[in-house]
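This report refers to the structure that appears directly beneath it.
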There are 2 protein chains.
Amino acid sequence: MTVSITDVARAAGVSASTVSRALRGRPGVSDEVRAQITAVATQLGYTASRSASSLASGRTFTIGVVVPYVGRWFFGTVLDAAEHVFSAAGYDVLLYNLGSPETRKRFFTRLPLRKRVDAVLSLLIPDEEESAALRSLGVPLASTVGGARPGFSVVGIDDRAGAEHAVRHLVNLGHRRIGMISGSSGEQHWTTPVARRQAYLDVLSDAGIAHDPALEADGDYTVEGGERAMTELLAATRPPTAVFAQSDEMAMGALRALRRHRLRVPDDVSVVGFDDHELSDVLGLTTVAQPVAGQGAEAARLLLRQLDEPDGERAGHVQMPIRLVLRETTAPPSPRGPQ
Amino acid sequence: MTVSITDVARAAGVSASTVSRALRGRPGVSDEVRAQITAVATQLGYTASRSASSLASGRTFTIGVVVPYVGRWFFGTVLDAAEHVFSAAGYDVLLYNLGSPETRKRFFTRLPLRKRVDAVLSLLIPDEEESAALRSLGVPLASTVGGARPGFSVVGIDDRAGAEHAVRHLVNLGHRRIGMISGSSGEQHWTTPVARRQAYLDVLSDAGIAHDPALEADGDYTVEGGERAMTELLAATRPPTAVFAQSDEMAMGALRALRRHRLRVPDDVSVVGFDDHELSDVLGLTTVAQPVAGQGAEAARLLLRQLDEPDGERAGHVQMPIRLVLRETTAPPSPRGPQ
DNA sequence: CGCTGTTGCGCAAGCGTTTGCGTTCAGTTT
DNA sequence: AAACTGAACGCAAACGCTTGCGCAACAGCG
């Protein structure tokens, strides 16, 4: 039925061990024999059984990638880039999409990737317990999206600096009433929203602007959430003349809410986002750009490096650059204020 | 080091075969013994090695999913939904991201998923040769995105009807000069762009409108391509008063081009897209909605069904519903025309 | 010309499961 | 009471690779 290594061995007139060594570039095979074997193998359409070879060798040549939502632009883009790096290095990727709390819980208790992967890339921030579970796999770990944990290589950005850029930009334009649409504060161990908020507070304080809690709203990192949050902010006694959204998706929701309220952007209200979503350019959204695909690729490379040098087990930590991208949703405040 | 089936067997005072049968719910084990074994197994944190069990049984309990670009909204969403169905059924998914022609070629010649998967879901349209390669795997096959091929279950939509809705809507509004931004016509075997274009031609002809080749441009299914295409159309001697873009992403590019040309939408030019991208709502884009996640889930279910009934090998064919979603980018043509 | 190194290859023992078949034994049937 | 059931379980042979070790053959050295 399906051609095995002994078929190749027989056809080439050698032993199975020699075929194995020849095909994987191991030493101990003369050049002529190796050439002959590869010829026979390709002619027979032979591919080594991954199950068998990983059972025998202990290496699986596959990487587990866990993601909260593959469908979301950010994660899809990171995954895309990481997958390219992995597959170029001969690794397959096993994808786990852990959107709902139940799947997530089930995943971490049953740990389906035990003995199935050589490394794990996590695009979600594991809590203390989850990261312990991952560490118990005994393989190199990496995660994007900040949230350093012991045993993990992490690649991320300086959230604080990014948010500072965004808010300072608004301050520099002359805004004094600056709102913020924050990410979900649901997960405590997830530092990004906290860091960005702190930057917001710091910049305001530096500029001598009193912090008004009525100018903060939670947008849950989604378009709809951003729309809701913006609507809330507009309902404040003295609505903001500018808002900083902690993600572009929320900023887009904000734009939508503003349009529904017949407010002009940036004439009435300025908006600045965070991420540089692929469609932010289309919308003309001013935002803090971070290298999303770059982070995925870098994290993948970090893992591969750890796989190559099993002794130098040191988990890396890479900080990627950010920059403020000026587009068309920010401008000085209108002299007559919003409305 | 890591706990194996014999460890469990020893701890439970039974043989490995009994452990295997007990844990997988096979008959031939008394209830008490089974309970005892499961208790011991969970207490020891035992998970069966996938490599070993698939080597022995031939079943891998993993599904291969091949995708052109995980990063793109459409594919990411389909994948997301499919993954949920698979993982709920106890299957893992092995992801192959085949963006570039080289990776794609390498994938199909080396076929890394030979003996690695129980089924394959393809989100790209394989050409004759590629689909033959997939068939040679001897496992159930399914694909979304139309393009029926022998041996494949396919779930898709009525592209023709969808495009007809879109174009007829523009005709009904009173437009006579209707442009089209089409998808890449690069791949011949890929029927979607052809079907949508045919619908466009038919509706025009039904309405007694002469077809003007200058009103067609290729947008390559990307935002940038859509922008370029719209720019081309606007450079025509008599530019269109409305355009039908074969995807929302291209429509968004078109919106961008229009804004750059200081043209108002829908006052000067109407735009209708196709897909109902998650951000189309934000942009107020009128479009033909198709159930994207639904298609992924349905395709996954089709595959699982084939895996369950290996005798009833019949490949299914599912057509999902579409509908025109009216938003804010379409209106009757302005009396004074564009410009 | 014996001796030690290399080099190239085959042998066989795993790797951790699954599964067909054989055995045991309690419970039925004559 | 002997013979006959099944049910419950163990034995051992796969599954298709990898890899440590052994063994030739042959080179280079004194």
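Letters go in sequence order (proteins before strands), and every chain restarts at 1.
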(message) Checking contacts here: which listed nucleotide (C:dG8, C:dG10, D:dC15) is nearest the side-chain heavy atoms of A:Ser30?
(response) C:dG8

(request) Would you indicate which nucleotide in D:dT18, C:dT18, D:dG16 comes nearest to any side-chain atom of B:Leu55? (result) D:dG16

(request) State whether A:Asp80 and B:Arg72 are salt-bridged, where the test is any N-O pair (Lys NZ or Arg NE/NH1/NH2 against Asp/Glu carboxylate O) under 4.0 Å. (result)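 Salt bridge absent between A:Asp80 and B:Arg72.
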
At under 4.0 Å, does any side-chain N or O of [X] touch on OP1 or OP2 of [N]?
X: A:Ser53; N: D:dC17; answer: no
X: A:Thr18; N: C:dC9; answer: no
X: A:Ser17; N: C:dG10; answer: no
X: B:Arg24; N: C:dT17; answer: no

Is it true that [Y] and [X] share a donor-acceptor pair across their side chains at a distance under 3.5 Å?
X: B:Ser100; Y: B:Thr103; result: yes
X: A:Ser20; Y: A:Ser17; result: no
X: A:Ser51; Y: B:Ser54; result: yes

(request) For B:Arg21, report the nucleic acid contact type (base, sugar-phosphate, nothing); a contact means any heavy atom under 4.0 Å. (result) base

(request) Between B:Val19 and A:Ser4, name the one whose nearest nucleotide on DNA chain D is closer to the 5' end. (result) B:Val19

(message) If you assign B:Ala52 and B:Gly13 each to the DNA chain D nucleotide with the nearest heavy atom, which residue ends up on the more 5' nucleotide?
(response)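 Result: B:Gly13.
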
Interatomic distance where [atom1] belongs to [X] and [atom2] belongs to [N] [whole Å]:
X: B:Arg34; N: D:dA8; atom1: CZ; atom2: C1'; value: 11 Å
X: B:Arg59; N: C:dG16; atom1: CZ; atom2: C1'; value: 19 Å
X: A:Ile5; N: C:dC15; atom1: CD1; atom2: P; value: 19 Å
X: A:Arg26; N: C:dG8; atom1: CZ; atom2: P; value: 16 Å
X: B:Arg114; N: D:dG16; atom1: CZ; atom2: C1'; value: 15 Å
X: B:Asp7; N: C:dG16; atom1: CG; atom2: C1'; value: 10 Å
X: B:Arg50; N: D:dC15; atom1: CZ; atom2: C1'; value: 17 Å
X: A:Gln36; N: C:dG8; atom1: CD; atom2: P; value: 16 Å

(message) I want to check a possible cation-pi pair here: B:Arg104 against B:Phe107, using under 6.0 Å from ring centre and within 45° of the ring axis as the test.
(response)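 Geometry flag: not set, cation outside 6.0 Å or 45°.
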
